[in-house]
Amino acid sequence: MRRRAALAGLLLLTGCASGPSLETQGEVTEAPGDSKHLTIGSAGFTESDLLATMYALLLNEAGYKTSMLTVANRELYEPALESGQIDVVAEYAATFADWLNAKTNGADAPAVGSPDLKATMTALRKLATPRGLTVLDPGRAVDQNAFAVTGAYARQHDLKTLSDLGRSGLEVRLAAGDECVQRPYCEPGLRKTYGIDVTGVDPKGVGTTQAKRAVQNGQDQMVLTTTTDATLDEFGLVLLADDKHLQNADYIVPVVNRSRAGSKGVTGALDRLNDVLTTADLASMNQQVDSWRRLPEDVGRTYLEDKGLLK
């Protein structure tokens with residue numbers, strides 16, 4: 001795999017042309033491209049680095065040359081994907097659908113991402129196609145919002161799901177971002193969908209060390225984190241299952257620039273990872289990087305070799 005590309009090239013993005021005109025929305029006339037040198041994008045956090053690394057390794061195995069480009073801001077890397085400066089990126093189905101929807105229809109447009117994966121994917125592809133983007137099928141790995149309590153608290157009150165917590169009648173102070181009081185997946189959803197008595201939101205962020213410690217020491221009873229959080233064990237925390245599907249379907253989906261990377265050679269190589277990667281696998285790899293200080297390339301390569309995807 002080639003060395004990671006410099007960020008300077010993205011300074012030119014504001015002058016770059018995007019994908020197909022939205023006036024021809026839904027029309028795809030260009031054949032899928034098969035460029036032999038592909039740029040893989042990463043959003044700069046551990047999980048994104050891991051996915052980008054594994055995409056690159058699989059594409060190398062399939063005969064492509066790759067480089068990697070880290071762009072932490074979706075406002076920059078999505079136009080780069082449309083223009084072909086980035087060819088492949090790992091995205092999250094519901095989040096990306098809502099982002100493209102806001103970009104296309106305005107910030108006040110009704111959300112199209114939902115807990116329904118099929119509906120979310122349909123909406124996402126409808127928005128992505130006229131921009132010259134192809135969204136591959138989702139695999140089994142999903143990184144969505146999740147809620148955790150201490151293992152001791154769960155055992156004491158016999159809690160395995162958020163429904164269990166609602167039925168318990170327990171008062172719950174929630175460690176989360178300050179936006180939680182308004183977001184439908186957070187405090188309002190916990191009340192409406194599960195009947196959980198949220199007495200307040202402690203604004204310590206989503207899955208931060210500070211938030212987890214507040215639950216660990218009993219200051220708060222539950223923390224908002226994600227399903228691939230790699231450090232829950234370190235704080236004695238366990239996830240409560242979202243058994244009524246409050247959270248959106250943020251399954252991991254590869255997104256490619258159709259004119260450069262829409263060929264069966266590219267999509268077939270990426271689909272090999274989607275066929276095996278699970279949420280638990282991704283959480284384990286995040287832990288190896290974040291807690292064990294292993295390099296994403298080493299972790300990703302070992303995983304792919306263990307799954308028989310690399311020689």
Side-chain angles (χ1 to χ4, degrees), residues 43-48 71-78 90-116 120 123-124 127 142-150 162-163 165-166 170-217 219-232 235 237 239-252 279 283 286 290:
F45 56 93
T46 295
E47 186 168 292
S48 189
V71 190
N73 190 321
R74 187 179 274 116
E75 282 75 10
L76 285 178
Y77 76 66
E78 190 279 330
E91 264 293 357
Y92 301 88
T95 295
F96 196 44
D98 282 336
W99 194 87
L100 286 180
N101 186 44
K103 181 177 180 179
T104 303
N105 299 311
D108 295 331
V112 294
S114 74
D116 185 327
T120 295
L124 173 55
L127 290 159
V142 57
D143 185 353
Q144 58 193 173
N145 293 309
F147 296 91
V149 299
T150 65
L162 290 171
S163 288
L165 182 56
L170 293 165
E171 295 184 345
V172 174
R173 181 172 163 87
L174 177 63
D178 53 9
E179 71 280 2
C180 177
V181 296
Q182 296 178 326
R183 296 289 173 85
Y185 64 79
C186 205
E187 181 183 352
L190 291 174
R191 291 180 179 277
K192 181 178 179 180
T193 302
Y194 289 106
I196 296 172
D197 185 5
V198 180
T199 60
V201 173
D202 189 1
K204 287 184 164 57
V206 179
T208 63
T209 296
Q210 185 183 21
K212 292 172 192 171
R213 283 180 177 161
V215 176
Q216 183 183 39
N217 64 28
Q219 177 182 343
D220 300 323
Q221 288 71 51
M222 189 162 67
V223 60
L224 171 63
T225 183
T226 65
T227 52
T228 60
D229 191 321
T231 62
L232 293 178
F235 297 89
L237 302 177
L239 293 179
L240 296 182
D242 179 22
D243 52 309
K244 293 184 179 179
H245 306 293
L246 173 63
Q247 303 304 322
N248 282 347
D250 263 329
Y251 284 76
I252 293 166
T279 304
N286 285 339
D290 290 337

What distance separates [X] [atom1] from [Y] [atom2], expressed to the nearest 0.5 Å?
X	Y	atom1	atom2	answer
Asn286	Thr228	CG	OG1	5.0 Å
Ile252	Phe96	CD1	CZ	14.5 Å
Arg74	Trp99	CZ	CH2	7.0 Å
Asp143	Tyr92	CG	OH	5.0 Å
Tyr194	Leu240	OH	CG	9.5 Å
Leu124	Asp98	CG	CG	9.5 Å

Show me, pair by pair, the donor-acceptor contacts under 3.5 angstrom made by side chains of residues 173-183, not counting sequence neighbours?
unit_1 : atom_1 : unit_2 : atom_2 : d
Arg173 : NE     : Asp220 : OD1    : 2.8

Less than 4.5 Å apart, any side-chain heavy atom of [X] and any of [Y]?
X	Y	answer
Glu47	Thr226	no
Phe147	Val223	no
Leu165	Met222	yes
Leu100	Glu78	yes
Lys212	Leu237	yes
Leu162	Lys244	no

With distance as the sole test, does [X] use its side chain to make a donor-acceptor pair with the main-chain N or O of [Y] at under 3.5 Å?
X	Y	value
Asn73	Glu75	yes
Thr227	Ala146	no
Asp197	Leu170	no

Considering non-hydrogen atoms only, spot the tightest contact between [X] and [Y] and give its length.
X	Y	result
Ala249	Ala93	O-CB, 3.4 Å
Leu246	Pro115	O-CG, 4.0 Å
Gln247	Asp242	N-OD2, 2.9 Å
Ile196	Val172	CG2-CG2, 4.1 Å
Ala148	Thr225	CB-CG2, 4.3 Å
Ala43	Ser48	N-OG, 2.7 Å

- Query: Looking only at side chains, do Asn105 and Asn101 share a donor and an acceptor under 3.5 Å apart?
  - Reply: yes
- Query: Can Thr231 and Asp229 be counted as having a side-chain donor-acceptor contact under 3.5 angstrom?
  - Reply: yes
- Task: Begin with the C-alpha distance, continue with both residues' side-chain angles, and end with the deciding distance and a verdict on side-chain contact (heavy atoms from CB on, under 4.5 Å) for Asn145 and Leu224.
- Result: CA-CA 7 Å; Asn145 293 309; Leu224 171 63; 3.8 Å; yes
- Item | Gln219, CD: over 12 other non-hydrogen atoms inside 6.0 angstrom | yes
- Task: Tell me, yes or no, whether the heavy-atom count around Phe235 atom CZ, taken from other residues, nucleotides or ligands under 6.0 Å, exceeds 12.
- Result: yes
